[in-house]
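Computed from a prediction, not measured in an experiment: that's the story for all the values here. First listed ligand is number 1; within each ligand, the first listed atom is number 1.
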Amino acid sequence: MSNPVRIGVVGYGYWGPNLVRNVDKLPGAELVAICDASGANLAKAGCRYPAASMVADLGTMLASYDLDAVIVATSAPSHHVVARQVLEAGKHCFVEKPLTLTSADAEDLVKLAEERGLVLMVGHLMVYHSAVRWIRDCIASGELGDVLYLYAQRLNLGKVRTEENAFWSLAPHDVSVALYLLGETPDSVSATGAAYLTGGVHDTVFANLHFPSGKMAQIHVSWLDPHKIRRFTIVGTKKMLVFDDMEATEKIWIYDKGVGAPEDAMSYGEDLTLRFGDITAPYVSLSEPLAAEVGHFLECCASGEAPVSDGRAGLAVVRVLEAVDESIAAGGAPVAIDGSLL
Ligand SMILES: NC(=O)c1ccc[n+]([C@@H]2O[C@H](COP(=O)([O-])OP(=O)(O)OC[C@H]3O[C@@H](n4cnc5c(N)ncnc54)[C@H](O)[C@@H]3O)[C@@H](O)[C@H]2O)c1
């Protein structure tokens with residue numbers, strides 16, 4: 001058995017503890033050090049993980065401990081600077097979503113990681129969800145026919161943020177899943193949104209992604225909504241699929257419904273028929289997506305293989321987020337998305 005991957009984690013705020021918990025429990029990892037600029041958060045980490053070293057400064061952690069890889073769970077504005085420091089120190093790097101706040105910064109990290117031969121992975125958690133994996137296999141099997149379009153809703157009351165809008169905060173999940181399931185990156189996006197609570201910070205956003213194949217994806221996110229919804233609907237030429245992540249067990253429903261042309265259509269009004277068939281809920285073995293995500297990072301660090309959500313996947317998502325902001329500012333006008341370096 002190969003040696004465990006020696007891990008340092010930077011950022012022990014709201015989300016970092018979940019990553020640390022998984023690093024600590026996975027057999028392929030050794031939790032060596034935790035770094036946080038906040039003394040209070042570092043103290044919490046120290047009580048929970050007495051065997052790991054607690055460090056207040058990233059430079060000190062990188063210089064003082066023999067690490068193979070670093071997990072970055074600091075807030076998004078710091079991702080570029082922190083991840084750059086990690087890669088320059090020659091460590092594999094996992095960065096929470098979104099990879100960076102600009103595509104120029106994301107490109108910089110992708111190039112740096114590739115030049116140094118280091119793994120760069122982004123925390124697109126949903127692509128490690130067993131239901132999403134199942135859906136991708138289902139689409140590949142042809143059961144749905146050709147996918148025509150999909151839409152995603154991620155709605156709730158809270159958690160309201162003030163430094164980033166609802167699309168940057170919530171939609172990296174939906175954008176990454178849309179790109180993963182459709183297997184392509186969009187060439188343009190148009191979006192509208194509104195900022196009701198904090199000036200300039202959009203609480204509700206509707207974005208339409210257009211793909212080169214003609215497929216489309218609509219993403220609606222909001223933290224100002226009475227419903228708690230996390231749902232994807234995928235419409236294919238043969239069947240339709242709904243993935244409801246709020247359901248505890250039966251998360252996926254397949255609807256054998258569609259519209260077709262009967263072979264013997266004779267006159268106007270008979271050229272299309274509706275088909276209503278079975279509605280089924282397939283069994284999908286569910287495991288914690290975060291454990292799968294961290295486990296995949298460890299495997300990639302050990303093998304050197306590119307992760308499913310590698311730096312390029314992170315860059316593709318950042319480009320969509322950027323284009324959504326631009327389109328909102330332009331009153332919903334379509335904004336082209338650059339597909340180079342992908
Ligand atoms: N995958 C998910 O479902 C999910 C959920 C929530 C948050 N996130 C992501 O996790 C990241 C962190 O979010 P959060 O809500 O935990 O933020 P947070 O502000 O609660 O925590 C960030 C922590 O990082 C520390 N920090 C910041 N800069 C630092 C630096 N340069 N050196 C050392 N410590 C530093 C802060 O002191 C703080 O403790 C964000 O990228 C966010 O988008 C992901």
Side-chain angles (χ1 to χ4, degrees), residues 8-23 33-46 48-49 52-65 67 70-89 91 93-102 105-106 109 120-129 132 152 154 156 158-177 180 201 221 223 228 230 245-246 288-294 296-297 307-309 313-314 317-318 321:
V9 179
V10 53
Y12 195 85
Y14 164 70
W15 191 247
N18 294 319
L19 290 155
V20 172
R21 175 172 52 80
N22 278 284
V23 170
I34 298 173
C35 170
D36 200 298
S38 151
N41 288 347
L42 205 55
K44 281 186 211 158
R48 192 101 193 227
Y49 302 99
S53 298
M54 300 298 135
V55 194
D57 171 66
L58 176 61
T60 308
M61 181 170 87
L62 292 169
S64 310
Y65 299 92
L67 303 172
V70 172
I71 289 179
V72 178
T74 58
S75 46
S78 65
H79 284 181
H80 177 241
V81 169
V82 171
R84 191 162 227 295
Q85 207 177 338
V86 169
L87 293 168
E88 280 176 339
K91 314 294 178 196
C93 186
F94 172 101
V95 186
E96 254 310 329
K97 57 80 190 162
L99 175 56
T100 55
L101 293 188
T102 69
D105 285 349
L109 294 181
L120 175 62
M121 173 164 161
V122 189
H124 292 162
L125 181 62
M126 291 297 290
V127 303
Y128 301 96
H129 193 307
V132 173
R154 190 169 298 272
N156 198 8
K159 175 183 182 181
V160 178
R161 295 190 186 247
T162 53
E163 318 88 34
E164 56 186 356
N165 70 26
F167 206 78
W168 282 83
S169 176
L170 303 171
H173 292 306
D174 307 293
V175 174
S176 59
V177 170
Y180 176 72
V201 180
V221 294
W223 52 48
K228 181 157 185 168
R230 290 177 185 171
D245 205 16
M246 294 310 299
E288 187 185 359
L290 198 53
E293 181 184 63
V294 175
H296 182 63
F297 179 58
V308 173
S309 57
V317 169
V318 170
L321 303 176

Quick check on contacts: which atoms of ligand 1 are under 4.0 angstrom from a heavy atom of His173? 1 (N), 2 (C), 3 (O)
Atom 21 (O) of ligand 1: nearest protein contact (heavy atom, Å): Gly13 CA, 3.3 Å
Gap between atom CG of Leu321 and atom OG of Ser169 - 0.5 Å precision: 10.5 Å
I need the nearest protein heavy-atom contact for atom 33 (C) of ligand 1: residue, atom name and distance, please. Ala37 N, 3.3 Å
Between Asn41 and ligand 1, which residue portion shows a heavy-atom distance shorter than 4.0 Å: side chain, backbone, both, or neither? side chain
For atom 20 (O) of ligand 1, what is the closest protein heavy atom, and at what distance to 0.1 Å? Tyr14 N, 3.0 Å
Quick check: does any side chain N or O of His79 sit under 3.5 Å from a backbone N or O of Pro98, one acting as donor and the other as acceptor? yes
Taking His124 for its side chain and Val177 for its backbone only, find out whether a donor-acceptor pair lies under 3.5 Å. no
Measure the distance from atom 19 (O) of ligand 1 to every protein heavy atom, then report the residue, atom name and distance (to 0.1 Å) of the closest one. Ser75 CB, 4.3 Å
Out of Val122, Leu19, Thr74, whose heavy atom sits nearest atom 30 (C) of ligand 1? Thr74
Sub-4.0 Å atoms of ligand 1 with respect to non-hydrogen atoms of Val10: 32 (N), 33 (C)
Mind checking whether Ala73 contacts ligand 1 via backbone (N, CA, C, O), side chain (CB onward), both or neither, at a 4.0 Å heavy-atom cut-off? backbone
Spatial distance of atom CG (Asn22) from atom CD (Glu293) [nearest 0.5 Å]: 9.0 Å
Can you give me the closest heavy-atom contact between Gly13 and Asp36, atom names plus distance? N-OD2, 3.9 Å
Considering all heavy atoms of both residues, which atom of Met61 and which atom of Ala33 are nearest to each other, and what is their separation? SD-CB, 3.8 Å
I need the atoms of ligand 1 closer than 4.0 Å to a non-hydrogen atom of Arg161, numbered in the order shown. 15 (O)
Please list, in number order, the atoms of ligand 1 under 4.0 Å from a heavy atom of His79. 41 (O)
Mind checking the CZ-CG spacing from Arg154 to Leu170? Nearest 0.5 Å is all I need. 7.0 Å
Where is the nearest protein heavy atom to atom 24 (O) of ligand 1: which residue, which atom, and how far? Gly11 CA, 3.4 Å
Closest approach of Pro172 and Lys97, non-hydrogen atoms and distance? CB-CD, 3.9 Å
Is there a side chain to side chain contact (heavy atoms under 4.5 Å, CB included) between His173 and Arg230 once you walk through the steps? CA-CA 10 Å; His173 292 306; Arg230 290 177 185 171; over 6 Å; no
Over 60° means perpendicular and under 30° means parallel, so tell me whether Tyr12 and Tyr49 are parallel, tilted or perpendicular. perpendicular
Against heavy atoms of Ser38, which atoms of ligand 1 measure under 4.0 Å? 37 (O)
For atom 44 (C) of ligand 1, grab the closest protein heavy atom and report residue, atom and distance to one decimal in Å. Glu96 OE1, 3.3 Å
Does any part of the side chain of Val122, heavy atoms only, come nearer than 4.5 Å to the side chain of Val317, both counted from C-beta? no
Could an N or O of ligand 1 be found under 3.5 Å from any N or O of Trp15, whether backbone or side chain? yes
Can you tell me which portion of Val82 lies within the under-4.0 Å heavy-atom range of ligand 1? Options are side chain, backbone, both, or neither. side chain
Below a 4.0 angstrom heavy-atom separation, can you tell me which part of Asp57, side chain or backbone, both or neither, approaches ligand 1? neither
What residue and heavy atom of the protein are closest to atom 37 (O) of ligand 1, and at what distance? Asp36 OD1, 2.5 Å
Between Glu164, Met126, Glu293, Lys97, which one has a non-hydrogen atom sitting closest to atom 42 (C) of ligand 1? Lys97
Answer with yes or no whether the side chains of Ser309 and Tyr180 bring together a donor and an acceptor at under 3.5 Å. no
